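Just below is one structure, and these are the notes that go with it.
These numbers were taken from a predicted model, which means no experiment stands behind them. Each chain gets a letter, A, B and so on, in the order its sequence line appears, and its residues count up from 1.
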There are 2 protein chains.
Amino acid sequence: MTDPARGTTQRNGTTSPRYGNRPTMKDVAARAGVGLKTVSRVVNSEPGVTPDTERRVQEAITALGFRRNDSARILRKGRTASVGLVLEDLADPFYGPLSRAVEEVARDHGALLINGSSAEDPAREQELVLALCARRVDGLVVIPAGDDHRYLEPEISAGVATVFVDRPAGRINCDAVLSDSFGGARDAVAHLIAHGHRRIGFIGDQPRIHTAIERLRGYRAAMSVAGLPVNEAWMSLGATDPSRVLAAAEAMLSGPEPVTALFAGNNRVTVTAVRVLAARPGRAALVGFDDFELADLLSPGVTVVAQDAAQLGRTAANMLFRRLEGADEEPRQVVLPTRLIARGSGEIPPAHRVTS
Amino acid sequence: MTDPARGTTQRNGTTSPRYGNRPTMKDVAARAGVGLKTVSRVVNSEPGVTPDTERRVQEAITALGFRRNDSARILRKGRTASVGLVLEDLADPFYGPLSRAVEEVARDHGALLINGSSAEDPAREQELVLALCARRVDGLVVIPAGDDHRYLEPEISAGVATVFVDRPAGRINCDAVLSDSFGGARDAVAHLIAHGHRRIGFIGDQPRIHTAIERLRGYRAAMSVAGLPVNEAWMSLGATDPSRVLAAAEAMLSGPEPVTALFAGNNRVTVTAVRVLAARPGRAALVGFDDFELADLLSPGVTVVAQDAAQLGRTAANMLFRRLEGADEEPRQVVLPTRLIARGSGEIPPAHRVTS
DNA sequence: GCCGAATTTGACAACGTTGTCTAGAGGCTA
DNA sequence: TAGCCTCTAGACAACGTTGTCAAATTCGGC
């Protein structure tokens, strides 16, 4: 009924697998009437094989449908030619370009990318990272969810090159590539202040997350520089799911001292904020962290602090491969600048708000 | 200067790598004063080890910082517990959720995901797929760029489970999960016709791509059912970069027989079309294939034919693992329905256009 | 037609793990 | 105490590849 070649019968009676009975170099060698090592030489285009022998081997390879088993090769050579990427959520539009950029650099170095989403859960991050280490990836790019990475110490000192992105490593000294969250946030809030706002709300990510804290610092710094007081009710850090953000925004916009402008701490917050503001009479101003597609086509266009996700990924991957090629410097932190893109939503003056 | 443990000195004088001198089970066994197999048993929580022995082994593992080398394990067991995902571009918002869904299902089955972008290049697709096969991934999820997949035949009959997504395999019989492109396109165009449009333009992807052809077929079917003639100048298939789409849209909107509505063949085309229409006086109607974030907040809201990318990925991954668990059925094609979401841009009547 | 050098070729071990199989140690029954 | 059975433990081979090294072959120059 089924093809006998696909069965699991073994030559030697053991329960070893043979990967669904795929042909090996040994099989190719037998068929071509040459030695095992000669097949290896042909497969790897090593010199020292006569054209005639090479032809016979090639024929046997084609006839049997042989493909080299890279698992065995990896075991023997000790390099996996693969890098691991652990991020928060592949479905988030911020991480798509970042991921793609890492992949491109890896490809340039002949490496494949193994991918995993931590779902912002530190335990899952650790589980993923260690699974990748067990596979002996050559290097790791990590967008951390947790804030304690001491579990990585033995791996790093065993030679797994590691670069953190978007957020620094916790409690270990390690390469990192970050965006200038503090500066970007300060610019965003200064922009709102320049347009006349005095009561400004900040809705950010969970305080466990480094970028959330940095952006909060930037917010406070801008307010402080302008000599403006800050009300605790104007700051809200927490999960960025729509319901939480919606509640936070509503509270700020309708409290006893309602804010006249919002600063949104990341792209998901911004999107929800846009919805909240669109549903309300009398527009409040808005600046968001992270650019997003079509931000310019909304009315008003959404003013944002843009960071270059692809550049973040590219920089990190390049640092990784420099280490893999033997660079033995001290761990570095690279901070990439952000850019304020004014599109209108940040320029709405406070006078426009309705008094309830 | 550097830590001697990280050097490449070998015990036996060969050039073998030892993964940066990481400890192996042999080292653990020596330190714990037990046999190799006993360490293996402890690491894999196999029964038949006394608590005392187990403790000694665990201590040695901790002391040496041992972590099992999965490359060797994979070689021995013949299962890699990893699946490959080849898609067009990880940075495209359509593929993010799809990718994430595949990852989640893989995770439920204890497998990791190896990811690659083909950049819509058939040669690169093949290169990636074969690289994944060489690593002996257990299964493959492929969003094909090419239209001839005979190169996969030896791999599939060697036991690599394979499922195509979004577009069917070319010239081989293989599992596939698709969206109902034909039906969705027909509904979209019927929607425009129902709102009074008679001259409707279609801008789609390259004709090499299956979904582009299907959506064109749906467009033609809807026009035909309504008894409407179709002008060749109203159909444009090609690359979906903004410049090409912009040119095509401008041509259709300003020719001798200008269209009064556009049907955009995928999310990238839709975004560009929104820009073109926003920049023009006298709004033409628009329906797009694929939903996108904030489509409802544009004015007018963009009417779309939505497909569920995550569901596409989930379904494909489930089919894959069913095969891996031994299901030995004929290859199947699953077609998932699409859903028309009316938001306003499709309901603009043709009377609104300006006559030039 | 013979020597030495250069070239081609293959036997063998090793990479780090797991499956099989057998040797002991210990406990139980008669 | 002998005989049997159970349980723990380790020796060994194998997974499919590549590095080393030595054997076999070819070739040029005389």
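Comparing atom distances between the Met25(A) side chain and each of dT18(C), dT18(D), dG16(D) picks out dT18(D) as nearest. Comparing dT18(D), dT18(C), dT17(C) by their nearest atom to the side chain of Asn69(B) picks out dT17(C). Checked against dT17(D), dC15(D), dT17(C), the side chain of Phe66(A) finds its nearest nucleotide in dT17(D). Listed nucleotides: dT17(C), dC15(D), dG10(D). Nearest to the side chain of Val34(B): dG10(D). In the set dT9(C), dG16(D), dT20(C), dT9(C) carries the atom at the smallest distance from any side-chain atom of Thr38(A).
When all heavy atoms are compared, the tightest approach of Asp147(B) to Arg171(B) is O-CG, 3.9 Å. Contact detail for Leu128(B) and Ser117(B): the closest heavy-atom pair is CD1-O, 3.4 Å.
Arg136(A) has no side-chain polar atom (N or O) that falls below the 4.0 Å cut-off from OP1 or OP2 of dG16(C). Contact check, Thr53(B) against dA9(D): a side-chain N or O comes under 4.0 Å of OP1 or OP2. Between Lys77(A) and dG19(D) there is a side-chain N or O to OP1 or OP2 distance below 4.0 Å. Residue Ser40(A) places no side-chain N or O under 4.0 Å from the OP1 or OP2 atom of dT17(D).
When the options Arg323(A), Arg332(A), Arg322(A) are evaluated for a side-chain hydrogen bond (donor to acceptor under 3.5 Å, both in side chains) with Asp175(A), the one that passes is Arg323(A). None of Leu112(A), Ile114(A), Leu90(A) except one satisfies the side-chain contact (heavy atoms from CB on, under 4.5 Å) rule with Asn115(B); the exception is Leu90(A).
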For Val57(B) and Val28(B), run side chain to side chain contact (heavy atoms under 4.5 Å, CB included): C-alpha distance rounded to whole Å, both residues' side-chain angles, the deciding distance at 0.1 Å, then the answer.
CA-CA 7 Å; Val57(B) 172; Val28(B) 175; 4.3 Å; yes

Side chain to side chain contact (heavy atoms under 4.5 Å, CB included) evaluation trace for Gln333(B) with Phe164(B):
CA-CA 9 Å; Gln333(B) 274 208 1; Phe164(B) 282 73; over 6 Å; no

Let's go through Val43(A) and Met25(A) carefully: what are the C-alpha distance in whole Å and the side-chain angles of both, what is the deciding distance for side chain to side chain contact (heavy atoms under 4.5 Å, CB included) to 0.1 Å, and is it a yes or a no?
CA-CA 9 Å; Val43(A) 169; Met25(A) 285 193 180; 4.1 Å; yes

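For DNA chain C, the neighbouring residues in residues 41-52 of chain A, judged by any heavy atom under 4.0 Å, are Arg41(A), Gly48(A), Val49(A), Thr50(A).
Here the P atom of nucleotide dA11(D) and the NZ atom of Lys37(B) are 13 Å apart, to the nearest Å. Between Asp70(B) atom CG and dT18(C) atom P there is a gap of 8 Å when expressed in whole angstrom units.
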